[in-house]
Amino acid sequence: MQIDYRKLAILLLPTFLRRPVLMAWLRAMVHPLQQLHDRHQAARTQRLYELHHTSQICYIKDALNNEFGITDYATGFEIEDIDAPGNWVWIYNEKDPEGNIIDNYNDAQHKLFDNPTLIYGISSIIIPTSTFYVIVPSSIERNETNDARIRSIVNKYRLASRTFEIITR
């Protein structure tokens, strides 16, 4: 709630004391209180905005688009997850007359055996340098300043275990 302390001080003054000199003196006394209240209201609004945004992808994209003034979300920032589920390799042990056969199984195929063992794909064995990409729209110039702004926003809202990389398409 916005309070105008200058006006409130004048309204609380009795009418017979409302002289120009006294009103100016009251305004001067209330001015620091009004500035403090205005700063508190601005900080409260900013904090509520930050609390509304979480680590969900849609909120990170919204915060980036708001920071760079993008209103058309179809051409705005995109976030692409690197941990795609199609990178798994299934290996099954199945016996045949010659001995053990290891059958490479892709998740797209729907074979079911009795004793599946999950082996990670090569992309999962190599430690990834980042877990998601922040894709910058072509309308935003890539320079150190903009990259620093993007990094600060994403670092504020991302989960601590997730790392990211900024790319342009």
Side-chain angles (χ1 to χ4, degrees), residues 1-88 107 118 120-169:
M1 174 169 57
Q2 188 65 26
I3 300 173
D4 188 2
Y5 285 101
R6 293 177 206 97
K7 188 175 183 180
L8 182 64
I10 301 299
L11 289 175
L12 292 176
L13 191 64
T15 55
F16 65 91
L17 292 176
R18 292 183 188 169
R19 303 281 184 241
V21 173
L22 188 58
M23 290 191 312
W25 182 70
L26 277 176
R27 283 192 193 109
M29 288 182 62
V30 173
H31 183 72
L33 183 62
Q34 183 69 46
Q35 282 184 328
L36 186 64
H37 178 71
D38 292 342
R39 281 190 298 174
H40 170 72
Q41 286 298 104
R44 181 180 181 275
T45 304
Q46 178 64 28
R47 189 67 182 149
L48 287 175
Y49 175 82
E50 290 173 1
L51 289 173
H52 175 72
H53 289 76
T54 62
S55 64
Q56 290 182 352
I57 289 174
C58 59
Y59 291 124
I60 293 175
K61 285 173 27 178
D62 182 53
L64 287 168
N65 287 331
N66 286 344
E67 175 69 22
F68 287 93
I70 297 174
T71 56
D72 183 17
Y73 292 109
T75 60
F77 282 86
E78 289 295 324
I79 294 180
E80 184 177 296
D81 204 1
I82 295 175
D83 296 331
N87 294 335
W88 300 97
D107 200 24
L118 176 64
Y120 294 100
I122 192 70
S123 63
S124 299
I125 294 171
I126 299 171
I127 297 172
T129 57
S130 56
T131 56
F132 66 93
Y133 292 129
V134 176
I135 303 168
V136 181
S138 58
S139 62
I140 294 180
E141 180 184 348
R142 290 284 309 272
N143 55 31
E144 282 187 33
T145 307
N146 286 342
D147 281 357
R149 287 170 62 193
I150 293 169
R151 284 192 189 284
S152 68
I153 291 170
V154 175
N155 281 332
K156 182 187 288 186
Y157 296 115
R158 73 175 171 86
L159 292 176
S161 61
R162 304 287 308 261
T163 58
F164 66 96
E165 186 177 334
I166 302 172
I167 61 172
T168 305
R169 284 199 183 152

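Numbers here are sequence positions counted from 1. Computed from a prediction, not measured in an experiment: that's the story for all the values here.
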Study note, to complete from the structure: In this structure, CG of Asn143 is separated from CG of Asn146 (nearest 0.5 Å) by 4.5 Å
Exercise for review: Could you tell me which residues satisfy side-chain contact (heavy atoms from CB on, under 4.5 Å) with Arg39, sequence neighbours excluded, listed by chain and number?
Suggested key: Leu36
Check your understanding: Can you tell if the side chain of Arg162 reaches within under 4.5 Å of the side chain of Phe132, non-hydrogen atoms only?
Key -> yes
Review point. Between Phe68 and Ile150, is any pair of side-chain heavy atoms under 4.5 Å apart?
Key: yes
Review point. Would you say the side chain of Ile70 lies within less than 4.5 Å of the side chain of Leu64, judging by non-hydrogen atoms?
Key: no
Check your understanding: What salt bridge (Lys or Arg N to Asp or Glu O under 4.0 Å) pairs are there with at least one residue in residues 63-73, not counting sequence neighbours?
Key -> Glu67-Arg149
Exercise for review: Specify the closest pair of heavy atoms between Pro32 and Met29, including all atoms of both residues, with the distance to one decimal.
Suggested key: CD-O, 3.5 Å
**Study point:** Heavy-atom neighbours of Gln46 CD exceed 12 at 6.0 Å
**Key:** yes
Check your understanding: Heavy-atom distance under 4.5 Å between the side chains of Asp62 and Phe77, does that happen here?
Key -> no
Review point. What is the minimum heavy-atom distance between Ala9 and Leu26, and which atoms define it?
Key: O-CD1, 4.0 Å
Check your understanding: Within a strict 4.5 Å, meaning less than it, do heavy atoms of the Glu78 and Tyr133 side chains meet?
Key -> no
Study note, to complete from the structure: Sorted by chain and residue number, the side-chain hydrogen bond (donor to acceptor under 3.5 Å, both in side chains) partners of His31 (sequence neighbours excluded) come out as Gln35
Check your understanding: Rounded to the nearest 0.5 Å, how far does CD1 of Ile135 lie from CD1 of Ile167?
Key -> 4.5 Å
**Study point:** Qualifying residues under side-chain contact (heavy atoms from CB on, under 4.5 Å), relative to Asp38, sequence neighbours excluded
**Key:** Gln2, Gln34
Practice item. Could you tell me the separation between the CZ atom of Arg44 and the NE2 atom of His37, rounded to the nearest 0.5 Å? Key: 10.0 Å
Practice item. Give a yes or no on whether the backbone of Gly76 and the side-chain of Asn65 come within a donor-acceptor separation of less than 3.5 Å. Key: no
Check your understanding: Listed by chain and number, what are the side-chain contact (heavy atoms from CB on, under 4.5 Å) partners of Arg142, not counting sequence neighbours?
Key -> Val136, Asp147, Ile166, Thr168
Practice item. For residues Ile79 and Ile60, report the shortest heavy-atom separation together with the two atoms involved. Key: CD1-CG2, 3.5 Å
Check your understanding: Going by the salt bridge (Lys or Arg N to Asp or Glu O under 4.0 Å) test, which pairs reach into residues 7-36, not counting sequence neighbours?
Key -> none
